[in-house]
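Step one of this worksheet: look at the structure below.
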Amino acid sequence: MARPKGENTLRKHFKLTEETAKLLAECSKAENMNESEYIRYLLLNQSEHPRSKKLELEVMRLRNEINKIGLNINQLVKNNNSHIYSEDDKIELRIQMDMIKNLLERFSYSFGIL
């Protein structure tokens with residue numbers, strides 16, 4: 001990541017643990033950059049709204065759960081079209097779908113997304 005001479009005029013000094021320093025060295029080497037270039041690269045190429053690890057894991061878990069629910073819904077629709085379910089079963093399905101909707105709304109509100 002070449003840059004014109006004199007473009008970066010400010011210096012920042014910070015402390016790292018040995019593990020973090022080793023990780024920085026390994027990652028920058030893997031990208032064929034020096035450590036300063038690698039840090040600038042990370043800063044300039046992050047998303048507009050970086051997410052926390054906790055949020056990323058929760059979104060991934062939620063995505064998996066929604067996928068499973070979608071599969072179940074597909075099975076229910078197939079069985080409904082085969083006239084296997086009663087009207088009570090359909091009412092219960094609507095109640096469960098409303099619960100899912102409420103959970104998603106609470107999740108979205110908690111994490112400020114969607």
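Hydrogens, waters and symmetry mates are skipped; everything else that's a heavy atom, side chains included, is used. A quick note: this is a predicted structure, and the numbers were derived from the prediction, not measured.
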For this session: To the nearest 0.5 angstrom, please state how far the CG atom of Asn72 sits from the CG atom of Asn67.
Result: 10.0 Å
For this session: Take Met97 and Ile73, measure what side-chain contact (heavy atoms from CB on, under 4.5 Å) needs, and give me the verdict at the end.
Result: CA-CA 10 Å; Met97 292 300 294; Ile73 290 170; 3.4 Å; yes
Exercise. With side chains defined as the heavy atoms from C-beta onward, is the minimum distance between Ile39 and Leu24 less than 4.5 Å?
Worked result: yes
Problem set entry | Pairing of Glu19 and Lys22 as salt bridge, 4.0 angstrom limit | no
Exercise. Which atoms form the tightest heavy-atom contact between Glu35 and Ser28, and what is the distance?
Worked result: CG-OG, 3.5 Å
Seminar exercise, completed: The reported gap from CD1 in Ile84 to CD in Gln75 (rounded to nearest 0.5 angstrom) is 11.0 Å
For this session: Verify the cluster assignment for Phe14 and Leu43: are they in a single hydrophobic cluster under the rule of side-chain heavy atoms below 4.5 Å apart?
Result: yes
Problem set entry | Shared hydrophobic cluster for Leu103 and Ile66 (ILVMFWY, side-chain gaps under 4.5 Å) | no
For this session: Measure the spacing between CG of Asn32 and CD of Glu37 and express it to the nearest 0.5 Å.
Result: 10.0 Å
For this session: Can you measure from OG (Ser36) to NZ (Lys12) and round to the nearest 0.5 angstrom?
Result: 13.0 Å
Exercise. How many angstroms lie between atom CG of Leu62 and atom CD of Glu58, to the nearest 0.5 angstrom?
Worked result: 7.0 Å
Exercise. Does the side chain of Asp89 come within less than 4.5 Å of Asn79's, by heavy atoms?
Worked result: no
Exercise. Does a side-chain heavy-atom distance below 4.5 Å link Arg61 with Asn64?
Worked result: no
Exercise. Transitively linked via ILVMFWY side-chain contacts under 4.5 Å: Tyr38 with Leu16?
Worked result: yes
